[in-house]
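Just so it is clear, the values below take in all heavy atoms, side chains as well, and ignore hydrogens, waters and symmetry mates. Keep in mind the model is a prediction, meaning the values are calculated, not measured.
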Amino acid sequence: MSSPRFSRALFISVLLLVIIPLLILAGLMTGRFYLSSIDQANTSLQWQARNNAASLEQLLFKLEKNSQLLSSIKAITELPNKVVYSQFALVQLQEFVAQNPQIKAAIVIDNQGFIVEGYPITSLNLNYKLTKSILDSAQTSTQQNTIQIIDNPQVSELFVPAQAKQNALLAITSTLLHEQDSLSEPIIKTGVLVSFVPLSEALKWLAIHNEQPVYQEGKQVQITAEKNILFSLGDAGENGKLMGQATINNVYFEGKPTNLQFQINETKTSYTSAVKQTAVLAGLLIFGLSVISFILVRWLTARLHNPLNRITALSREYALGNYKQNTDDFHYQEFKDIAESLNSMAETIDIQITSLQLEKHRAERSEQVKSQFLANMSHEIRTPMNGIVGFLQLLNKSELTQEQAEFVRQINNCSDVLLTVINDILDFSKIEAKKIELESRECDLVALCRDLILLFKPSCDNKGIRCNLDVPSIQSLIVECDEIRVKQVLINLLSNAVKFTNQGEIVLSLTLLNRDERVTDVEFSVKDSGIGIAEDKIKALFNPFVQAQSNITREYGGTGLGLAISKGMIDLMAGNIAIISELGKGTEFTVNVSFKTLYPEGVSAKVDQLDKDSQFDFNSVDKPILIAEDNPINQIVITKYLTQLGLSYELAENGQIACEKTLIKDYALILMDIQMPVMDGLTASENLLARSGFNTPIIAVSANAMKDDIERSSKIGISDHIAKPINFTELEKVLAKWLSQQLLK
């Protein structure tokens, strides 16, 4: 994933810093203007509703007065009782309807609810149930005049064709009062005068009165009572509409007094058009400002980013080793100062790199010479040591007198000491070069400690000191570790304890600190009653080639590498080693380390395998062993041991002869020395393994015991590797392993 570009981040950041405030400001202004427009629209509609409601109240009041005047005419008042006034009353009703165009019909109802007279003639078709309900509502009121709502579609269609969703009528009733010459009842109610006013006609009058059209697009006029829509004209939609409402006056609806409401609904579109225009203008303004901002920000980014690009290019040139750059072409002084600082730093780095390269070359050369020297010394020492150790092992198997056996034992001890010195030097070199690696295998720590006590018991007995083992009550403690390296550390510590203890005892302790399914924590302790170590010498004791006293090497021997190697091994195991000592009273070394927990089943399998290998019948091998070895002493040692095992053999003085012999004869196994004249063992092995159908195991037998040598052999395809001096027990295991596999093919 590529890293973000500074130029892009700078450009976007500055651009957003300019545009975002503009957008926020425009949004706030537009929103404020929108809310203000809606508020003004609501106020305007409310004012219109109140104004129209007042006008309608004025109209109804006028019609009530006119109806009251008509009801006071004698012909109308006495009509329910004297039918003779019918023709005259009809004329009066006709003139009343003509003079009040909002009134579409007028009728006279007697006290029983029957129509006595009406105009127009169609009004006489009103059913009795309706006229009786009108009469009853009028009589329940204490006032002479009442207004009733007639929400009957049949009545509406009778007087006025339907022109809206609803078109109810207002029935203006005036009680007919007749004066008579009677003291007990001077005034009697003869009936009611009813004038029918369609709401549509009232709205037409309202439009003319206010000098505005009845219907406007996006506007709706409604007259309601008790949430019932009595009249509706126009359409304001269902969503997003504004509303203004006002009360006209008290009326009777379904026999109950209620308020008549005048309501105006209007869509927001007409009021928000200005807001939209403002928003469009604001958007255009923001777009224009954004374009200008874009140009300015791009110019500013280029002014800042171009010097950074040049500084980046300058740094890349420095990284490539070109430290001579011109720093005078920067426009801004700050960037010029940065470039000059980089130039100064580059010159310093150039000097330091040159110096480090020289030191590195010297160190590599020194390390190469050292490694080559150690490898050569190892080879040159191990080659004669192979003869010494081999003949000692052969001699030890022969019949010896007691004195001769003692001589052989002493020679073996001396050779072991010499091999220890060689191995210490090689191990220290590997640790120092960080080339040593740990190998994991199953190990019984209790058995390991017992073996070590048995190993050192003869030495302790010779010095007259006790050698004791202190382990837990458990019979075994199975873990996964590098058994050889653990044993090497403990051997170093025990060797020092035996070396520096002349009386008393040596104790090897094993303590189980913790054990679970994954990890086993243990503590090894080697305690002696020897000469001890001075306090001021303890801190430097784990340094290489350091011993507690200057005369120790002369008096006790040793290289001074044992403790340094031990500490290096414990560090590789992620453990720690500590020391407690007092001069003249003894020393105690403590090693704490954690191993992977294993269970006993693995060990038994391992022992079974070892037993199986050691029980191999070498007499069953019918093919000879080819020995590629140029050293006559080593030839004698190897051939003598193979003869003791009952194996036949053939010799080849170099790799070329070995290759030639394999062309004419099959061999059970090849023991290949690595360093030989004419053709070395590695080249010979490569040639042999490159042949088609060649499947004879090749065992490298070499004084080159370094890990790199073993890896080089394995990479070629060599089956196994045995280091000189040869340990016959190890050789026997390797032979048994590979010869048994050959027999199975």
> Of V591, N592, V486, which is the lone residue that meets side chain to side chain contact (heavy atoms under 4.5 Å, CB included) with I570?
Replying inline: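 With I570 as partner, side chain to side chain contact (heavy atoms under 4.5 Å, CB included) holds for just one option, V591.
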> Checking side chain to side chain contact (heavy atoms under 4.5 Å, CB included) against I670, which of I699, V701, L688 comes through?
Replying inline: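 It is L688; the other options fail the test.
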Minimum side-chain heavy-atom gap [X]-[Y] below 4.5 Å:
X    : Y    : value
K623 : Q742 : no
V734 : E730 : yes
D461 : K457 : yes
L642 : F618 : no
L739 : I625 : yes
V471 : L477 : no
D482 : L572 : no
Y649 : L671 : no

Could you report the tightest heavy-atom contact between [X] and [Y], atom names first, then the distance?
X    : Y    : value
C460 : I506 : SG-CD1, 4.0 Å
A658 : A628 : CB-CB, 4.2 Å
D630 : M676 : OD1-CG, 3.7 Å
Q475 : V446 : O-CG1, 3.5 Å
H721 : S713 : CD2-OG, 3.7 Å
S702 : D673 : CA-OD1, 3.9 Å

In Å, rounded to the nearest 0.5 Å, how long is the span from [atom1] of [X] to [atom2] of [Y]?
X    : Y    : atom1 : atom2 : answer
I722 : N727 : CD1   : CG    : 9.5 Å
E732 : L647 : CD    : CG    : 9.5 Å
R441 : E483 : CZ    : CD    : 6.5 Å
K715 : R712 : NZ    : CZ    : 8.5 Å
L508 : D528 : CG    : CG    : 12.0 Å
S581 : K527 : OG    : NZ    : 11.5 Å

Kindly say whether [Y] contributes a backbone atom to a donor-acceptor pair with the side chain of [X] at under 3.5 angstrom?
X    : Y    : value
Q635 : E629 : yes
T597 : D516 : yes
K463 : V498 : yes

>> What verdict does the side chain to side chain contact (heavy atoms under 4.5 Å, CB included) test give for L598 and T520, after you've listed the backbone C-alpha separation in whole Å, the side-chain angles of each residue and the deciding distance to 0.1 Å?
In response: CA-CA 9 Å; L598 289 181; T520 299; over 6 Å; no
>> I657 vs N654, test: side chain to side chain contact (heavy atoms under 4.5 Å, CB included). Steps then yes/no.
In response: CA-CA 6 Å; I657 296 175; N654 55 59; 3.3 Å; yes
>> Under the rule for side-chain hydrogen bond (donor to acceptor under 3.5 Å, both in side chains), what residues qualify as partners of T662, not counting sequence neighbours?
In response: R691
> Given F524 and V593, is the side chain to side chain contact (heavy atoms under 4.5 Å, CB included) satisfied, shown in steps?
Replying inline: CA-CA 8 Å; F524 296 101; V593 66; 4.2 Å; yes
> Looking just at side-chain N and O atoms, do E523 and T590 make a donor-acceptor pair shorter than 3.5 Å?
Replying inline: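 Short answer, no.
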> Quick one: salt bridge (charged side-chain N to carboxylate O under 4.0 Å, His left out) pairs with a partner in residues 662-672, sequence neighbours left out?
Replying inline: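 Sorted result for residues 662-672: E650-K665.
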>> Run the side chain to side chain contact (heavy atoms under 4.5 Å, CB included) test on F728 and Q644 for me, step by step, so that the C-alpha distance in whole Å, both residues' side-chain angles and the decisive distance to 0.1 Å come before the verdict.
In response: CA-CA 11 Å; F728 284 166; Q644 290 182 2; 5.8 Å; no
>> Looking at K640, I'd like to know if its NZ atom is crowded, meaning that more than 12 non-hydrogen atoms belonging to other residues, nucleotides or ligands lie closer than 6.0 Å.
In response: no
> Can you name the side chain to side chain contact (heavy atoms under 4.5 Å, CB included) partners of S594, sequence neighbours left out?
Replying inline: V519, D521
